[in-house]
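Comments concern the structure below.
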Amino acid sequence: MRSLLNGTLRKTLSGCLQVTEDADNPLRPTILVCDDDPMVRLFARECLESAGMAVVEAEDGDQALERYHESPPDLVFLDVEMPGKTGFE
């Protein structure tokens, strides 16, 4: 299942972002993953990193805003139902 998701994710994102296997490449797309569930963040990180992406994590809306302003990512995966600030805010 994981390899199927990785392949689908790679195909979907490769049309939008320049994907590379080189982990030291500073041009790798950066994805901000914001979810209050640590298992969701872990699964997303594993899938995205195996597809050649750099991943930054946040566990709530406030932390996501901090991470976004520190270094704006290329794409944000955002949970809508979280404690504190939600994905809608």
Query raised in the report: Any idea which heavy atoms bring A54 and R28 closest together, and the distance?
Result: CB-NH2, 3.4 Å
Can I get a per-line list of side-chain donor-acceptor pairs under 3.5 Å for residues 36-43, giving both atom names and the distance, sequence neighbours left out?
{"residue": "D37", "atom": "OD1", "partner": "M39", "partner atom": "N", "Å": "2.8"}
{"residue": "R41", "atom": "NE", "partner": "E57", "partner atom": "OE1", "Å": "3.1"}
{"residue": "R41", "atom": "NH1", "partner": "D35", "partner atom": "O", "Å": "2.6"}

**Report entry** Non-neighbouring partners of A58 that pass side chain to side chain contact (heavy atoms under 4.5 Å, CB included), sequence neighbours left out
**Finding:** L32, C34, Q63, A64, R67
Requested in this report: Determine the minimum heavy-atom distance between V55 and E49, stating which atoms define it.
Outcome: CG2-CG, 3.8 Å
Query raised in the report: Among L48, V56, V76, whose side chain to side chain contact (heavy atoms under 4.5 Å, CB included) with I31 holds?
Result: L48
